[in-house]
Every structure is written in structure tokens, then in C-alpha cells.
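Here's the structure, in C-alpha cells; my notes come after.
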Amino acid sequence: MTIKQLLAADSAKENIIVNGWVKTRRDSKEFTFIELNDGSCRANIQIIADAASPCYATAVTLTPGTSVRIEGGLVECPPGKEQRFEVRASAITVYGTCDAEKYPIQKKKTSDEFLRTVAHLRPRTNKYAAMLRIRAELSHAIHKYFRDNGFIYVHTPVITTSDCEGAGQMFQVTTLDLNNVPKTPEGAVDFAKDFFGKKTSLTVSGQLEGEALAAGLGKIYTFGPAFRAENSNTYRHCSELWMIEPEAAFNTLAENMELAEGFIKAIIKDVLANCPQDIDLFARFVNKDLLPSLANITDNAFERLSYTDALPLLEKENSRFETKMSWGVDLSSEHERFLVETYFKKPVVLHGKPSTVGAFYMKLNDDGKTVRGMDVLVPRIGEIIGGSEREDRLDVLLQKMRAQGMPEDPYSWYIDLRRFGTVPHAGFGLGFERAMMLLTGVSNIRDVIAFPRVPGWAEF
Ligand code: 4AD
Ligand code: MG
């Protein structure tokens, strides 16, 4: 049985078997006490080996990190203990010993920076195991929210020939021999000889394919990996991330904002309700302000703020910003966090940025200079969601693509969606790791994913 099952048992049991890793061992004259964890929940179970038991000789040799199989009886703890049950061991089998001197997971060596270098072992720590269980719970909450609201889960390709964000920050995918690259007569790389017969990359977003699927299914969402080759070494950027992207035919920008707000609130509540013990670890040891800051999000209506209205608020504070704001400048995290943490003191949905900083697919407003894009900004992180109502008019889309110097050929299928039964539609992308930072209070994105990928780092 797992430790989670054992601790939730309704009565004592004979002849149980539990597997796990030793956390600590404490010896007294008559007993050895072992704290055992198996990852199924935050709590350990206490194993007691009696000096009179044949397993005692083994028990007193166990060091932290050792993997064991324990046979014994599940018995009620004496009253006053935090837990109801403990295990009286009758037999102990060691699967693998653990050299206490060399084992990197030590009580005193727990800095996040150090643990990143042993990311293969950090799932053994309370904090990283809790983080990984919350990731699972959050994934489940996300699927549940969309399923309950009539969105159909779709899978979009990881290998793609189009650059969704048009930012040129893609990882190329090739089977060409890089030491002997085939060239065209003009001297360019001959991608016709590459695996797919053309230049391909890892996707930065499933949105464009998602729009095609929404144009047949109505309401869809994706939940998949995205890859960004942007050279930003910040607390909130990673090169491989998971993104959730709903897309809804017939939705306008206002409905997109409603969806995003309801969605964020629902998944926070769901996770808080379903893994209180793991969240408690973060609220206690990582960020004392975690629970109030999450309540601030679930209990307040998000501010709706246009870029035009945000600008004077930010310009007035230019002396405090590294990047000075003026019309046409995109917000950075310092501006986003000022609006959320200092000015409004609650989440903000910022919309209507100048078309010059918006992506090509964002619908142009009637003023001809701003677009129906939106960013959801939250405390500690800034942007957590980016989305928009999409440009659904063929002529305007083509005009915008030409203005941005985009080739039409790779996007001909995307343009087709505006030729055959175009509809207003809108969607957004939630960065899963940023949502994890929000939920746990962890301040570096490298510590909310099992094996982070950032510029210069792709170990494990
Ligand atoms: O704002 P972004 O770039 O929007 C899109 O990709 C749209 N195509 C989404 C859509 O409308 N379907 O990215 C969406 C979110 C961001 O708000 C952020 O939370 C996250 O994805 N994100 C990253 N998270 C971590 N590291 C990075 N390098 C990220 N880039 C984006
Ligand atoms: Mg964005």
C-alpha cells in the first residue's frame, strides 16, 4: 500500500507491505524509529522496529535515502500524535543502500541553486515532491475546467513550418549533416534535402493550428509543450514550457477576458481544495504571503485596463523604471508588476496595445492603431496569460502580414480560414510554469518544472 493509503486507512491492519525511501532514523534503547516516504503524499509514515524483532539489526543500519520494503502491521498511534497510524515492522528488506557521506540530498544543502544541479535527485525532497504533485493536480484542474465548459481537447503539432508569434525565436529541427550542409546553386541551405523537404522548427505555440480546429469544433483547447529560443535569462522565462491554449469560435475580446478570469480563479480554487498539504508547505516555508495573495486573485474582479489608459499611470512613474514608457513601448515585467502590485493591488487584464507591439494575428481596432490583444497580469509574475481576438477579415490580415514582411506561402492554410466561412474568434495561452509560480510562491521558474531548460542549460 502507499503511505497515502495507509494514513487514510479506517482501522489498524495486519500484514501490510510498504515501500519507500528512508528520510530519517532515530534510535532509542528499545526501538528504532524510521520516517519513511514514498512520494504518494507529503507526510511520512513512522516505522517502528522493536529491539526484540529479527528486523532490528537491519533497521539500525538504515541511512537517509536508502530504499526499503517494510512488512509489518499498521497500528494506531498513541493519542496526541499528529498521525493516526504507524507501522510495527516485522521484516525489512533493503532494495538499495545509500552512502550517507556522498548522498547529495542533505539537510544542510538545500539551496534551490544547488538542488538544480541534482535535479535527478531533488524529487526526493519534500519541497520538490510537493511541487511535482501540485503540477499533476493543476494539470488535472485545467482539463476539468475546459471539459466542464464544453471545450474539446485537441493535439497540435510540435514540429511546425510556421512561426506563430512571428518573432523568429524558434529552435530549428533538422536531420541535415551540419558538417556538410547541402547548398542550392545560389549558396543558400537546401532545405529541399532536409527530412521534411522544407525548413521546420519546434512550435512556439499551438494557436494557429488551434484556430483551424476551432473553426470546425467551436471550442477547443490545447495543452502541450512549446519551445522558445529567446535568450532571456530571467526568473520567469524558460526555453521549454507547457502552454494551455483555448480557442473559441464566435468569442469576442470581452468574452475572452471573461473566460481567462473565470479560468484562473477556478484552477486556483481547485488546487487549493485538492492538495492543501502540499500548498501548506509552500505557504509556510516558501512564501508567507501565498494564501492571502491567492485569495486576492480569487476574490477580486480583475481590473480591465487599456494600454491607452495605462500609459499615463506608468509615464508618471518613469523615474522608477529601467525602461521608460511612452506610446509604442511594450510593457516589461517592472511595469506589469507596478500596475498589479502597487497601483491596482489586484490582477489586471491589459488590452489594446499598439498594433506595432501586437502579433500579426491580433484583430485591429477601429482606431486603426491598437489591437484586440490582452495580457492577464498577476502579482509576483506579471504576464501569465497572453491572448487576443483574432483578425478574421481576409483583407486586413493580408495587409498586416505584408506590413510585417511575413511570407504568405507558409501561412496559406491559415489565410484560408478567412476565405471559407470566417467567424469572429478569440483565445489565449496560459504559461503552465508561470501558473505554478503563482500557485506555489516559488520565485524562479527553474524550480517549478522537473528538468528545466534555459539558455546554456539542458542537463538531464
Ligand atoms: O504571450 P504568448 O507569447 O502568447 C502566445 O503564444 C499566443 N499564441 C497564445 C494564444 O493566444 N493562444 O505566450 C502565452 C503565455 C505567456 O503569457 C506566458 O505565461 C507563457 O505563455 N510564456 C512563457 N512562459 C515561460 N517561459 C517563456 N519563455 C514563455 N513564453 C511565453
Ligand atoms: Mg505575451
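Start at 1 and go down the list; that is how both ligands and their atoms are numbered. Heavy-atom basis, side chains included; hydrogens, waters and symmetry copies ignored.
Across all their heavy atoms, Arg228 and Ser205 have their closest contact at NH2-CB, 4.2 Å.
For the pair Gly387 and ligand 1, the shortest N or O to N or O distance does not fall below 3.5 Å. For the pair Ile384 and ligand 1, the shortest N or O to N or O distance falls below 3.5 Å. Where the criterion is an N or O separation shorter than 3.5 Å, residue side chain and backbone included, Gly386 meets it with respect to ligand 1. At least one N or O atom of Gly431 sits closer than 3.5 Å to an N or O atom of ligand 1.
Comparing Gln169, Glu230, Met437 by heavy-atom distance to atom 28 (N) of ligand 1, the nearest is Glu230. Counting only non-hydrogen atoms, the option in Gly429, Ala435, Gly382 that gets closest to atom 14 (C) of ligand 1 is Gly429. Nearest-residue assignment for atom 21 (O) of ligand 1 (options Arg228, His237, Gln207, Met243; heavy-atom criterion): Met243.
Of all N, O or S atoms in Glu383, the one lying closest to the Mg ion (ligand 2) is OE2.
When side chains are defined from C-beta on, Glu211 counts as touching His425, because their heavy atoms get closer than 4.5 Å. Residues Glu334 and Phe321 form a side-chain contact, since some pair of their non-hydrogen atoms from C-beta on lies under 4.5 Å apart.
Using a 4.0 Å cut-off to heavy atoms of Arg390, the atoms of ligand 1 that qualify are 10 (C), 11 (O), 12 (N). Short contacts between ligand 1 and Glu245, defined as distances under 4.0 Å to a heavy atom of the residue, involve ligand atoms 7 (C), 8 (N), 9 (C), 10 (C), 12 (N). Listed by number with element, the atoms of ligand 1 under 4.0 Å from a non-hydrogen atom of Ile445 are 25 (C). For ligand 1, the atoms sitting less than 4.0 Å from at least one non-hydrogen atom of Glu383 are 1 (O), 16 (C), 17 (O), numbered in the order shown with element in parentheses. For ligand 1, the atoms lying closer than 4.0 Å to a non-hydrogen atom of Ser205 are 6 (O), 8 (N). The distance from ligand 1 to the heavy atoms of Arg236 drops below 4.0 Å at these ligand atoms: 25 (C), 26 (N). Heavy-atom proximity to Tyr361, at under 4.0 Å, picks out these atoms of ligand 1: 7 (C), 8 (N).
Among protein heavy atoms, the minimum distance from atom 29 (C) of ligand 1 is reached at Leu241 CD2, 3.7 Å. Looking from atom 26 (N) of ligand 1 to the surrounding protein, the closest heavy atom is Cys238 N, 3.0 Å. Among all non-hydrogen protein atoms, the one lying nearest atom 5 (C) of ligand 1 is Glu165 OE2, 3.3 Å. Among all non-hydrogen protein atoms, the one lying nearest atom 18 (C) of ligand 1 is Arg434 NH1, 3.7 Å.
In this model, no donor atom of one side chain and acceptor atom of the other lie less than 3.5 Å apart for Arg42 and Asn126.
Between the side chain of Asn296 and the main chain of Lys345, a donor-acceptor pair closer than 3.5 Å is present.
Remark: Arg418 is not positioned above the aromatic ring of Phe420, lacking an NZ or CZ atom under 6.0 angstrom from the ring centre and at most 45 degrees off the axis.
Annotation for Asn231: atom CG does not count as buried by contact number, only 12 or fewer foreign heavy atoms lying within 6.0 Å. Atom CD of Glu322 has 12 or fewer neighbouring heavy atoms from other residues, nucleotides or ligands inside a 6.0 Å radius.
Using a 4.0 Å cut-off between charged nitrogen and carboxylate oxygen, Arg390 and Glu247 count as a salt-bridge pair. With salt bridges taken as basic N to acidic carboxylate O contacts below 4.0 Å, none links Lys144 and Asp270. Glu137 has no carboxylate O lying under 4.0 Å from a charged side-chain N of Arg135, or vice versa, which leaves the two without a salt bridge. Using a 4.0 Å cut-off between charged side-chain N and carboxylate O, Glu261 and Lys265 make a salt bridge.
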